[in-house]
Asker: 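This is the structure I have questions about; it appears just below.
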Number of protein chains: 2
Amino acid sequence: MQAVTLDDVAVLAAVSAKTVSRVVNGDARVSPDTRQRVQAAIASLGYRPNLAARSLATSRSGLIGMFAPLIGGSHFFGELMREAIRACRQHGYHLAIEEAGVHSMRNVDAYREGLRKLRCEGMVLPAPVCDDLELLDALDADGVRYVRISPALEVARSVAIVADHAAGARAVAQHLWSIGRRRFGLVTGMPHQASSPLRRDGFLAGLAEQGITADQMAIVAMPDLIRDTGWGAAGGGVPNIIDLGRHAGAQLFDRDCRPDAIFTYNDELAAGVVSQARDRGIDVPGQLSVVGFDDSDAARLCWPPLTTVRQPIARIAAQAVDILITGDPQDQRTILCPVELVVRGSSAAV
Amino acid sequence: MQAVTLDDVAVLAAVSAKTVSRVVNGDARVSPDTRQRVQAAIASLGYRPNLAARSLATSRSGLIGMFAPLIGGSHFFGELMREAIRACRQHGYHLAIEEAGVHSMRNVDAYREGLRKLRCEGMVLPAPVCDDLELLDALDADGVRYVRISPALEVARSVAIVADHAAGARAVAQHLWSIGRRRFGLVTGMPHQASSPLRRDGFLAGLAEQGITADQMAIVAMPDLIRDTGWGAAGGGVPNIIDLGRHAGAQLFDRDCRPDAIFTYNDELAAGVVSQARDRGIDVPGQLSVVGFDDSDAARLCWPPLTTVRQPIARIAAQAVDILITGDPQDQRTILCPVELVVRGSSAAV
DNA sequence: TACGCCGATGACAGCGCTGACATGCCATGT
DNA sequence: ACATGGCATGTCAGCGCTGTCATCGGCGTA
């Protein structure tokens, strides 16, 4: 079975193997009728190229690699993966996926023992893997190009594609202001998440345009929240982020001047805030509008569904792959992608 | 760069290329000191095998393929994918992932234009792709083995790995009974989902053991629900499953004898029921215990988190890969995997 | 001592494809 | 009529590895 080779096709079409190769690879310098004859032979024989042989002959693998922190762990990576696969296919490439730091293995070891063998021609590196300098060194040493998808701007060793977190957060501020909200609450993310300060500052900047300053709003800082709830002590246990959001909500609702609009670092926190609000009989969105970030599953699973900010994941993935396959290796741009405010049921006019 | 070949290693170790090959492939018939010498040479040169060349020489691709309905679309596939990748790596294989039926393309075409080129040695086929006979025919024609992961038992052309949905649902019934629940509600899934009748019947069987019959409980059938809510008419629009659950909850709460325990086809529906209950001031889990199925994100994102049934996804994936790589090609068993009841905050004693 | 056997190692071809280069053919210009 | 150039096509080696078979040396047995 499946022993059809170039030569078989060549014999049938009465041309040389090389000509068949040309047809298969879309070389223009083949006369139309020859091409047709070859294509007919290919079809009738059911020929399909042997990628291993091609790869050996050309020393190109036809593979793009992607590191994911925890496959299936989030909506973001799922979509990134899906879109990267599609983009690769359009170029005739395939995507090889590897899980970063499995079993607390260092990323660079995960690379060495996994993807490296496949000799990917390029790598898509989402955060936080993309900030692992050790890994970047290893990739550089192998001459493997990479595109980083990260809000962390410090590293400038390759193309970086970045969603415009700040602009998204600013849009949230404008949205909340425009629907008549005036008392604002904010729940931040962990400082080590590079997107956290960007989202916070974007939000603050948006409100500053309306004359609202940080000291006029209720802010819950994630590190404090974690300390207060004792999650910090509970060694190893990853805090339930929804529950964290509920605690944040409780803290905000206990303030003297209860906010009528709350923006949280991400959707899970927002869902927790909404949950707490409903337990206290606070109407969402009437008495309180809540906005998250990421347009993750939580945004849709929450009731009412969350107003949130969506990153253009498909576009990011496609662009990353395009750059790896067709781009200039010297390119070191940082590409900022616009994000989109998605208004749903959790925010509405007073 | 990276031009280190078997021959380079062979020269350094003063042996033939073939002996190096033996060492690399773990052939036992190499004397210990030769082996050591070769390994030292490999290490000092930083040699790594060229998989394309190996693949060409052995005519084995070292690839397992997997079809996923919508990559990143669900927790289940995310985890399946992750575990399959891990299992493949343990065997020195890699996993190639393809999205089924992209852009309403037929599965078989997605296969032909994508994975087929890679010549996977085996395929993991989750539901519902695994019930596409056209695809199975194509795989058979190519001589590609496959393992189906599906509750649909009609097709018997390969190994099938099946989570024991019925046993899980029965365990739910027993759990609810044991915490003192006596008035039961049930929300089914769509009949075309093969797992739906299995879960329903398992639940009914579990209650039957306690002397409760179907006509003594409140049942919401999904097709009716979809009709009632008008989703059926809203062409194209996929119903928001949470919202569907809220409607199901409303129907159940309006009955004369309000259930104090509700089991739903999946977690999203359960989350909707919980949401509705909270809006009506019904205490969960005190006045009403709710149990879902799948242990999806919704189960954790819900508040209180859902009691649910978890499929042993890791085990299923590992077993599928093992069977493809080391198993008997003639094998046509159907393997039933035990599931696990996960008790969380949404169910508790009266 | 002679023989056969076995474990360790090597020689060599070839997997299917493509790159570099060679060839052959026809149209064009002089 | 002949040189020239350009296009279509062919020849051939070799990418890095492994399967097959051959070889070699030492050991046990008769």
Asker: Out of dG16(D), dC17(C), dT9(C), which nucleotide sits closest to the side chain of Val30(B)?
Answerer: dT9(C)

Asker: Measure from CG on Leu6(A) to P on dC15(C) and round the result to the nearest Å.
Answerer: 13 Å

Asker: Can you check the Arg60(B) CZ to dC15(C) C1' distance for me, whole Å?
Answerer: 14 Å

Asker: For the pair made of CD in Gln36(B) and C1' in dA8(C), what is the distance, rounded to whole Å?
Answerer: 17 Å

Asker: Remember a base hit wins even if backbone is also touched, and classify Thr58(A) as base, sugar-phosphate or nothing at under 4.0 Å, heavy atoms.
Answerer: sugar-phosphate

Asker: Toward the 5' end of DNA chain C, which comes first, Ala53(B) or Ser31(B), by nearest nucleotide?
Answerer: Ser31(B)

Asker: Could you work out which one of dC17(D), dG10(C), dC17(C) sits closest to the side chain of Ala57(A)?
Answerer: dC17(C)

Asker: Could you state the atom-to-atom distance from CZ of Arg29(B) to P of dT18(D) in whole Å?
Answerer: 14 Å

Asker: Report the nucleotide, chosen from dC17(C), dG10(D), dT18(D), that has the shortest atom-to-atom distance to any side-chain atom of Lys18(B).
Answerer: dT18(D)

Asker: If you look at every strand shown and take non-hydrogen atoms under 4.0 Å, does Thr5(B) touch a base, only sugar-phosphate, or nothing?
Answerer: sugar-phosphate

Asker: Figure out the CG/P separation between Asp7(B) and dC12(C), and round it to whole Å.
Answerer: 13 Å

Asker: Checking contacts here: which listed nucleotide (dG10(C), dC15(C), dC15(D)) is nearest the side-chain heavy atoms of Leu56(B)?
Answerer: dC15(C)

Asker: With heavy-atom distances below 4.5 Å as the criterion, would you say the side chains of Leu135(A) and Tyr111(A) are in contact?
Answerer: yes

Asker: Nearest whole Å is fine: how far is dG16(C) P from Asp8(A) CG?
Answerer: 8 Å

Asker: Ignoring backbone atoms, test whether Ser21(A) places a side-chain nitrogen or oxygen under 4.0 Å from the OP1 or OP2 oxygen of dT18(C).
Answerer: yes

Asker: When we call it a touch if two heavy atoms are under 4.0 Å apart, what does Ser55(B) touch: a base, just sugar-phosphate, or nothing?
Answerer: nothing

Asker: Could you state the atom-to-atom distance from CG of Asp27(A) to P of dC7(D) in whole Å?
Answerer: 12 Å

Asker: Taking the basic N atoms (NZ, or NE/NH1/NH2) and the acidic carboxylate oxygens, is any pair closer than 4.0 Å for Glu98(A) and Arg89(B)?
Answerer: yes

Asker: When you check the side-chain N and O atoms of Arg148(B) and Ser158(B), is any donor under 3.5 Å from an acceptor?
Answerer: yes

Asker: Within the 4.0 Å heavy-atom criterion, would you say Val24(B) contacts the bases, only the backbone, or no part of the nucleic acid?
Answerer: nothing

Asker: Below 4.0 angstrom from OP1 or OP2 of dT9(C), is there any side-chain N or O of Ser16(B)?
Answerer: no

Asker: Take a 6.0 Å sphere around CD of Glu134(B) and say whether it holds more than 12 heavy atoms from other residues, nucleotides or ligands.
Answerer: yes

Asker: Whole angstroms only, please: what is the CG-P distance between Asn50(B) and dG14(D)?
Answerer: 18 Å

Asker: So, Arg60(A) and Glu121(A), do they make that salt bridge, N to O below 4.0 Å?
Answerer: yes

Asker: Nearest heavy atom decides the nucleotide; on that basis, is Asn25(B) or Arg22(B) closer to the 5' end of DNA chain D?
Answerer: Asn25(B)

Asker: For the side chain of Thr34(B), starting at C-beta, report the closest nucleotide among dT9(C), dG16(C), dT18(C).
Answerer: dT9(C)

Asker: Can you see whether Asp297(B) engages His75(A) through a side-chain donor-acceptor pair at a distance of less than 3.5 angstrom?
Answerer: no

